[in-house]
Protein chains: 2
Amino acid sequence: MKNLLQSVRITINDKLYVKDPESSNLGKRIVEESIIMINDIGFENFTFKKLGQKIGSNESSIYRYFENKHKLLLYLASWYWGWLEYRLVFATNNIPDANAKLEKAIEIMTQATEIDLAFTHIDEVLLNKIVINEYSKSYLTKEVDMENKEGYFVIYKRLVNRLSQMIKEVNTDYPYPESLASTLIEGALHQYFLMDHFSSLTSCDVNVTPTEYFKHIAFNTLNIKNNG
Amino acid sequence: MKNLLQSVRITINDKLYVKDPESSNLGKRIVEESIIMINDIGFENFTFKKLGQKIGSNESSIYRYFENKHKLLLYLASWYWGWLEYRLVFATNNIPDANAKLEKAIEIMTQATEIDLAFTHIDEVLLNKIVINEYSKSYLTKEVDMENKEGYFVIYKRLVNRLSQMIKEVNTDYPYPESLASTLIEGALHQYFLMDHFSSLTSCDVNVTPTEYFKHIAFNTLNIKNNG
DNA sequence: CAAATATAAAAGTATTACTATCAATATATA
DNA sequence: TATATATTGATAGTAATACTTTTATATTTG
């Protein structure tokens with residue numbers, strides 16, 4: 001996909017890093033290669049030492065950018081959700097019809113990720129895989145309430161909120177807009193995971209997309225006929 | 001809740017333990033106290049050393065029952081899903097009407113957990129909290145395909161399968177029974193988590209239950225009027 | 001060119017996730 | 001009841017992790 005704006009920058013809570021990784025070449029390499037490496041060996045096996053070896057830098061230098069790998073994961077996830085939010089707003093902004101708008105929104109939120117050439121040092125396809133496989137671990141912790149207060153999840157929350165607003169616009173009387181929005185976003189990640197590892201637990205495959213499934217859920221539960 | 005059967009035993013894949021924890025007093029204490037401790041300090045902070053100190057036993061003795069804490073988590077989760085499956089089968093077995101049966105099933109799968117006095121050394125309420133907060137971590141790993149082959153997730157898969165069969169009985173033409181079943185089960189865990197930590201992302205609270213929300217989703221998406 | 005800043009290298013610490021060994025104790029069986 | 005066997009406990013040890021600290025060396029900027 002092509003980016004119409006010259007330079008969009010995803011703004012991330014500055015408490016998530018010690019030094020802004022966008023501010024230097026080393027910082028960008030840390031982000032770029034950590035995405036490849038986490039996707040490759042998984043978050044549990046990923047260490048700053050290994051990353052340092054891969055990018056020809058030192059463990060201690062990486063600690064000058066991120067306090068620990070947990071915060072790096074939160075940074076990467078925030079970037080991903082910020083990028084999705086940007087695409088969501090951009091794609092739905094000019095659609096006046098509430099139904100068509102929600103339909104487009106569900107497409108953006110549930111379709112397979114394609115590369116975005118506007119951000120050269122970030123592979124969005126791999127980042128999407130990381131979010132599918134690792135995002136839950138960033139909030140399923142004993143520190144979640146404290147970190148939520150610090151604003152580590154604002155972008156994600158804003159995104160769910162935007163989607164629930166669109167749901168409300170389609171049907172003002174629907175009693176569960178927030179739950180439906182969170183179910184669509186979290187559920188999409190889960191269905192993609194099941195496609196890869198537990199195919200018997202999902203109806204989705206190469207022919208049936210999660211997008212189709214979630215559109216069916218949304219428009220039936222909102223008692224609106226599905227256009228798609 | 002009361003158990004009508006004298007002694008039901010949840011059967012768990014014997015590859016998940018080195019020595020059956022049900023076979024000795026120490027084994028039962030390991031299970032009993034690990035549930036309390038994991039719920040208390042979280043799975044990441046939980047270690048066999050700490051558990052040993054708490055139960056007045058030795059780290060090395062615990063290793064004689066479970067290879068590592070990951071397998072203990074898989075054991076606890078299997079027990080939980082096995083218990084839910086037993087309750088599901090028991091509660092729906094004698095219901096002839098497919099709609100009423102599915103409705104009952106959704107209740108069992110999404111309602112707040114109550115203590116089951118039949119299993120004295122297991123606190124089902126705490127175990128439910130562990131499943132909400134930690135279950136994803138048991139499968140979001142690089143070893144998931146291998147462990148799936150070893151049968152570590154059979155009970156969970158059987159449970160999702162039972163629910164999707166009930167969905168099919170309600171509406172044979174519905175194209176996504178497996179996805180709906182997995183969404184209901186996983187989605188319920190997620191909504192409970194959101195109620196505790198991200199209340200703005202869910203429509204559920206003390207008055208609106210996840211059960212109500214998921215019944216609405218299921219019966220509307222299946223184009224059947226909801227009884228509940 | 002000097003000063004400030006960024007990065008690299010190396011060493012050190014506490015904790016984790018085990019494994020191995022051996023002693024103590026409980027239990028089963030002859 | 002004596003003995004064999006299994007179970008548990010105590011201690012020590014190892015490699016890896018997740019850092020922190022210190023010092024040296026580049027690089028940038030004023």
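It should be emphasised that the depicted structure is a prediction, and the values quoted were computed from it without experimental measurement. In what follows, chains are A, B, ... by sequence order, proteins preceding strands, each numbered from 1.
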Heavy atoms from C-beta onward define the side chain here; which of D:dT21, D:dT8, D:dA10 lies closest to that of B:Ser24?
D:dT8
Quickly work out the B:Ile62 CD1 to C:dT19 P distance and round it to whole Å.
14 Å
Nucleotide C:dG12, atom P - distance to NZ of A:Lys49 in whole Å
13 Å
Kindly say if B:Ser61 contacts the phosphate of D:dG9, meaning a side-chain N or O under 4.0 Å from OP1 or OP2.
yes
Nucleotide nearest A:Lys50 when distance is taken to its side chain, options D:dT8, C:dA9, D:dT17
D:dT17
B:Phe66 CZ to C:dA17 C1', straight-line distance once rounded to whole Å
17 Å
Where the side chain of A:Leu26 is concerned, which of D:dT8, C:dT19, C:dA8 is the nearest nucleotide?
C:dA8
Could you state the CD1-P distance from A:Ile55 to C:dA8, rounded to the nearest angstrom?
8 Å
NA contact type, A:Thr47, heavy-atom cut-off 4.0 Å: base, sugar-phosphate, or nothing?
sugar-phosphate
From D:dA10, C:dA10, D:dC19, nucleotide with atom closest to A:Tyr63 side chain
D:dC19
Separation of D:dA6 C1' from B:Lys19 NZ (nearest whole Å)
8 Å
Contacts of A:Phe48 and A:Ser60 projected onto DNA chain D by closest heavy atom; the upstream (5') one is A:Phe48
Can you tell me if the side-chain N/O atoms of B:Tyr65 get under 4.0 Å from OP1 or OP2 in D:dT7?
no
d(B:Ile62 CD1, B:Lys69 NZ) to nearest 0.5 Å is 12.5 Å
Using the closest heavy atom to pick a nucleotide of DNA chain C for each, name whichever of B:Glu67 or B:Arg64 lands nearer the 5' end.
B:Glu67
Atom CD in A:Gln53, atom OG1 in A:Thr47: separation rounded to 0.5 Å?
7.5 Å
With a 3.5 Å distance limit and no angle check, can you tell me whether B:Ser199 reaches the backbone of B:Met195 through a side-chain donor-acceptor pair?
no
Contact class for B:Lys69 (heavy atom, under 4.0 Å): base, sugar-phosphate, or nothing?
sugar-phosphate
Atom-to-atom span, CG of A:Asn25 to P of D:dA26 - whole angstrom
18 Å
Between A:Asn68 (CG) and D:dT20 (C1'), how many Å, whole number?
13 Å
Check: B:Glu150 main-chain N/O paired with B:Asn13 side-chain donor or acceptor under 3.5 Å:
yes
Would you indicate, yes or no, if C:dA8 has its OP1 or OP2 atom less than 4.0 angstrom from a side-chain nitrogen or oxygen of A:Ser57?
yes
Rounded off to whole Å, could you give me the CD-to-P distance for the A:Glu59 and D:dT21 pair?
14 Å
Is the ring pair B:Phe90/B:Tyr86 parallel, tilted or perpendicular, if the boundaries are 30 and 60 degrees?
tilted
Would you indicate what B:Gly56 reaches in the nucleic acid, counting non-hydrogen atoms under 4.0 angstrom: base, sugar-phosphate, or nothing?
sugar-phosphate
